[in-house]
Amino acid sequence: MIPAADSTPSALAKGERLNVHYNQVMPELPEVETVVRDLRPLLCGRRIAAVQAGRKALRRRWSKPWGTVVQGRPVLGIHRRGKWIVIELGGPYLVIHLGMTGQLRVVPASAPTPPHTHLIFTLDDDLQLRFRDVRRFGSATLFPDAAAVQAFFAAADLGPEPFDLDPAYWHGRVTAAHRCLKAILLDQRVVAGVGNIYADEALFEARLHPTLLGDTLRRPQTAKLRQAVVTVLTRAIDKRGSSIRDYVGGSGEKGNYQREFLVYGRTSQPCLRCRRPIERIVLAGRSTHFCPGCQRKPR
DNA sequence: ACAGGATCCTGGGGGC
DNA sequence: TGCCCCCAGGATCCTG
């Protein structure tokens with residue numbers, strides 16, 4: 001078992017309404033992209049000297065001889081695919097999902113180990129890559145080679161990246177589905193990387209009601225939705241880069257998470273565009289926020 | 001086949 | 001003060 005240090009999470013600022021229960025970033029595509037970009041210069045070219053694994057398994061159990069497989073391996077690259085982080089280890093690949101509360105950090109080996117740290121990779125220069133995940137919704141899996149990683153994504157039927165969406169493909173997938181737009185956006189088989197927050201934000205950006213059924217949309221609407229997904233994610237990646245810059249550095253964990261969401265987490269607050277109160281409903285088992293003025297309800 | 005629901009997991013917040 | 005219940009979410013498994 002990895003020893004736990006006495007560090008407690010920082011308290012939420014008073015009056016904080018966004019992400020009421022959380023004092024950390026919920027990782028969706030923009031957060032994962034930021035983590036990958038930040039980790040790349042810290043990890044690439046280094047070598048893994050040792051691995052420590054916690055006793056409690058994550059949702060996807062790692063293969064047994066972790067240490068022997070990974071030990072001595074160089075980190076050749078780190079990439080993102082949807083919300084998955086793929087680390088290339090000169091042969092094997094490490095595939096990580098941050099789930100809801102997962103964190104990947106590079107810190108000095110001497111830094112205290114916070115609770116819920118499940119994996120520690122000691123690098124060859126007194127730094128450690130640490131995977132921490134309070135709720136253990138995340139996963140870390142070792143694959144023998146690139147083909148095995150591809151097979152894993154193929155088996156999950158992981159859809160294309162949102163930035164590469166072919167208009168015809170997108171229109172076909174959306175209009176083929178007899179279910180609400182919110183559920184379609186959350187479906188990783190249709191498009192990879194969109195989560196609950198950015199699904200709501202994208203629908204607001206496109207001014208489409210979340211309960212609209214996919215098979216009722218016409219081409220201009222699917223085009224608008226596709227563009228909205230790209231716009232919202234691009235904007236978030238640009239902002240997240242600065243808002244969680246110290247995510248990796250380890251020193252100031254607080255960061256300032258004033259996110260500029262227009263609907264997510266803003267239930268009952270006035271729409272920043274039309275001032276009508278944002279509404280919250282549950283769709284596909286997920287809280288869904290929308291503006292009844294900007295996103296007109298279908299008949 | 002497809003859509004929707006339950007499940008996992010934990011800490012914080014609200015209610016009593 | 002302190003307990004208990006509820007809530008949040010992504011992926012996956014299960015049901016209709």
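Proteins get letters first, then strands, A, B, ... in listed order; numbering begins at 1 in each. Values in this document were obtained by computation on a predicted structure and should not be read as measured data. Values below: every heavy atom of this structure, side chains too, minus hydrogens, waters and symmetry copies.
- Rounded to an integer number of Å, the gap from F137(A) CZ to dT7(B) C1' is 8 Å.
- Protein atom CG of N196(A) is 12 Å distant from nucleotide atom P of dA11(C), rounded to whole Å.
- If you measure from atom CD of E31(A) to atom C1' of dG9(C), you get 13 Å, rounded to the nearest angstrom.
- The shortest distance between the side-chain N/O atoms of S287(A) and the OP1/OP2 oxygens of dG9(C) is below 4.0 Å.
- Side-chain polar atoms of T175(A) and D215(A) form no donor-acceptor pair below 3.5 angstrom.
- At a cut-off of 3.5 angstrom, counting only N and O atoms as typed in the model, there is no donor on one side facing an acceptor on the other between the side-chain of R286(A) and the base of dA8(C).
- Within the 4.0 Å cut-off from OP1 or OP2 of dT10(B), not a single side-chain nitrogen or oxygen of R132(A) is found.
- Between the CG atom of L186(A) and the C1' atom of dA11(C) there is a distance of 12 Å, rounded to whole Å.
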Protein and nucleotides 3-5 of chain B: nitrogen or oxygen contacts under 3.5 angstrom:
from: dA3(B); atom 1: OP1; to: H178(A); atom 2: N; distance (Å): 3.3

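- A side-chain donor-acceptor contact under 3.5 Å links Q103(A) and R132(A).
- Of the candidate nucleotides dA11(C), dT12(C), dG11(B), dA11(C) has the atom lying nearest to any side-chain atom of K83(A).
- Under the 30°/60° scheme for interplanar angles, the aromatic rings of F143(A) and F152(A) are found to be tilted.
- At whole-Å resolution of the value, NE2 in H97(A) and C1' in dC8(B) are 14 Å apart.
- When heavy atoms are screened at a 4.0 angstrom cut-off, R173(A) is found touching no nucleic acid atom at all.
- Using a 4.5 Å heavy-atom threshold, the side chains of I237(A) and L29(A) count as touching.
- To the nearest angstrom, P of dC2(B) lies 13 Å from CG of D215(A).
- A straight line from NE2 of H116(A) to C1' of dC9(B) spans 10 Å, rounded to a whole angstrom.
- Residue R136(A) places at least one side-chain N or O under 4.0 Å from the OP1 or OP2 atom of dT10(B).
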Practice task
Go through the steps to decide whether T222(A) and W170(A) satisfy the test side chain to side chain contact (heavy atoms under 4.5 Å, CB included), and finish with yes or no.
Solution key: CA-CA 7 Å; T222(A) 62; W170(A) 177 250; 4.1 Å; yes
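- The backbone N or O of V263(A) sits less than 3.5 Å from a side-chain atom of E201(A), completing a donor-acceptor pair.
- Atom CZ in R135(A) sits roughly 16 Å away from atom P in dC6(C) (whole-Å rounding).
- A side-chain N or O of T122(A) and one of Q128(A) form a donor-acceptor pair less than 3.5 Å apart.
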